[in-house]
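What follows is one structure encoded as structure tokens, with my remarks underneath.
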Amino acid sequence: WEEERYPEGIKWKFLEHKGPVFAPPYEPLPENVKFYYDGKVMKLSTKAEEVATFFAKMLDHEYTTKEIFRKNFFKDWRKEMTSEEKSTITNLSKCDFTHMSQYFKAQTEARKQMSKEEKQKIKEENERLLKEYGYCVMDNHKERIANFKIEPPGLFRGRGNHPKMGMLKRRIMPEDIIINCSKDSKIPAPPPGHKWKEVRHDNKVTWLVSWTENIQGSIKYIMLNPSSRIKGEKDWQKYETARRLKKCVDKIRNQYREDWKSKEMKVRQRAVALYFIDKLALRAGNEKEEGETADTVGCCSLRVEHIKLHPELDGQEYVVEFDFLGKDSIRYYNKVPVEKRVFKNLQLFMENKQPEDDLFDRLNTSILNKHLQDLMEGLTAKVFRTYNASITLQQQLKELTNPDDNIPAKILSYNRANRAVAILCNHQRAPPKTFEKSMMNLQSKIDAKKEQLADARRELKSAKADAKVRRDEKSKKTVESKKKAVQRIEEQLMKLEVQATDREENKQIALGTSKLNYLDPRISVAWCKKWGIPIEKIYNKTQREKFAWAIDMAEEDYEF
DNA sequence: GGGTCCGACTCAGAAAATTCTAC
DNA sequence: GGTAGAATTTTCTGAGTCGGACC
């Protein structure tokens with residue numbers, strides 16, 4: 001896709017697609033599946049029943065125990081009820097969804113137990129749908145669409161302490177849909193009896209379909225897959241910007257260190273914030289509308305209550321203790337020794353403030369980004385995350401890769417380098433539900449292997465003793481083969497232990513996000529080439545598709 | 001200049017689906 | 001070679017970033 005460059009802002013010349021796939025219509029429950037109110041069977045109207053099934057399907061989920069979720073759900077559910085239902089059903093706690101829930105569980109079970117043929121049939125139907133709606137033509141290429149299926153109705157599941165959790169996400173109809181395609185393309189037809197909200201031909205944007213969602217009033221889009229030209233080029237650009245930052249980062253660092261001394265409060269705050277963004281890879285931190293979303297922050301929106309200052313802590317001077325909820329309500333907790341000037345500035349910023357006051361009261365992301373723009377064209381706060389992530393990977397790979405290691409050990413080193421980045425970016429996950437169990441399984445495998453090794457060693461020893469006495473060819477051979485066996489088992493044991501280490505270290509860390517969004521793939525490709533690691537060991541099929549440009553481009557001497 | 005709002009895009013972890021592995 | 005359960009991949013959609021219009 002280096003073929004042609006478009007003038008500023010033009011994203012394509014030709015765009016043709018089939019429009020979205022709508023969620024399947026609601027299928028009413030069979031007569032024998034009952035809903036109970038206050039212990040009595042109650043037949044619900046179709047609309048009320050549909051919304052009730054959304055709740056029933058989530059009955060085992062922690063969400064349905066949360067006060068806000070229940071309140072929001074009940075309020076929206078009542079809106080769907082007939083006036084009769086509304087007057088009867090006044091208390092959610094008196095609603096009994098268990099029968100409905102059991103029915104859905106049985107359905108799931110039945111789906112699992114389906115015969116091969118039935119499963120095959122479903123698979124083929126999905127493939128047909130994908131083939132028809134999953135691709136579009138953008139300019140001269142057939143491209144995969146990322147999310148061609150419209151989100152089905154359901155209950156809103158916000159992350160963390162979201163004030164809107166449990167609200168009803170309504171069904172999207174063709175009348176909600178804006179289609180974007182080129183004038184000279186075959187315009188997708190709305191489902192029979194329906195009309196699109198609008199058909200437009202805007203080649204300054206990349207989306208094919210959009211609609212407005214009813215919970216936050218925000219716009220949702222259907223766009224192309226990461227493997228597409230338009231996404232790939234943008235991704236490449238992102239890393240090129242980060243590489244440009246590499247060239248001037250020293251200058252920028254000197255600059256903000258100078259600014260710590262500025263007479264102007266705004267400049268000092270800007271400089272300290274930038275230091276955090278650079279050193280700790282914090283997000284920019286836009287302001288958010290209070291009460292509309294979970295209370296989370298980034299750098300510029302940090303509040304006094306989110307940091308603690310320790311002149312001395314555990315033998316270190318000037319320690320800042322961060323404790324706040326970031327994106328997706330993931331907790332950021334870190335104790336960081338900082339330079340004295342930063343520490344003194346923070347003390348100054350916190351003077352005469354309440355815990356809920358902004359730490360950087362003279363700063364926001366727009367001021368910060370404007371300043372960054374002056375330092376380097378295209379520089380914004382998030383570029384620091386990309387830059388620091390990628391440079392860390394490159395450094396760690398250099399440091400951790402041992403040329404004499406075998407392939408599994410080298411891959412462990414790669415994972416460790418990747419992990420260093422994930423820790424820097426605070427990419428966490430809930431420990432897998434089966435973590436303890438799978439760890440124990442692995443441990444028992446290791447124990448078994450150790451026993452096996454001990455046995456093998458004993459056998460080797462006795463074979464050696466035997467050989468000493470007999471001094472014939474045959475017993476010598478036996479010693480050799482026993483030696484090999486010991487070696488083989490040692491290797492297997494090592495591999496298992498490596499696996500255990502890797503898994504344990506990864507318990508609460510998510511590697512995927514950094515791999516997919518922050519690490520210049522050319523670093524990984526070059527590393528694979530340099531050490532003769534098959535690229536499949538690092539990137540799976542999807543990832544190889546997304547990073548096709550890098551796999552194509554990077555040689556073993558690539559430097560970020 | 002700076003604040004607010006909105007649109008378009010990237011990035012995020014959970015959950016579902018699929019594949020792999022050990023018995 | 002069939003199957004259960006573990007591991008990995010894919011899907012899903014919510015949650016950020018950031019720029020530009022408007023005042």
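Chain naming here is simple, since letters A, B, ... match the order of the sequence lines and numbering starts at 1 in each.
When distances are taken from the side chain of A:K266 to each of B:dG2, C:dA15, B:dC11, the shortest belongs to B:dG2. For A:M223, whose side chain is taken as the heavy atoms from C-beta onward, the closest listed nucleotide among B:dC11, B:dT10, C:dT13 is B:dT10. Set against B:dC11, C:dG19, B:dA12, the side chain of A:D328 has B:dA12 as its closest nucleotide. Closest approach to the A:Y221 side chain among C:dT11, C:dT17, B:dA8 is made by B:dA8 (side chain taken as heavy atoms from C-beta onward). With distances taken from any side-chain atom of A:R283 to the nucleotides B:dT10, B:dG13, C:dG16, the minimum falls on C:dG16.
As rounded to whole Å, 5 Å separates atom P of C:dT13 from atom CD of A:E151. A:Q508 has its CD atom 13 Å from the P atom of B:dG13, to the nearest Å. What separates CD of A:E213 from P of C:dC12 is a distance of 17 Å, to the nearest Å. The distance between atom CD1 of A:I215 and atom P of C:dT13, rounded to the nearest whole Å, is 13 Å.
Remark: of the listed residues A:R244, A:Q237, A:R243, A:R243 is the sole one forming a side-chain hydrogen bond (donor to acceptor under 3.5 Å, both in side chains) with A:E240.
Separation of atoms CZ (A:F156) and CE (A:M165) is listed at 9.0 Å; rounding is to 0.5 Å.
For A:H61 and B:dA14, the shortest distance from a side-chain N or O to OP1 or OP2 is not below 4.0 Å.
Sequence order on DNA chain C of the closest nucleotides to A:N540 and A:T293 puts A:N540 first from the 5' end. Nucleotides of DNA chain B nearest to A:N364 and A:R429 differ in position, and the one nearer the 5' end is that of A:N364. Toward the 5′ end of DNA chain B lies the nearest nucleotide of A:K370, the other residue of the pair A:K327 and A:K370 mapping further downstream.
Side-chain contact between A:I150 and A:R171: absent, with no pair of heavy atoms (C-beta onward) separated by less than 4.5 Å.
A donor-acceptor contact under 3.5 angstrom links the side-chain atoms of A:R159 to the base of B:dG13.
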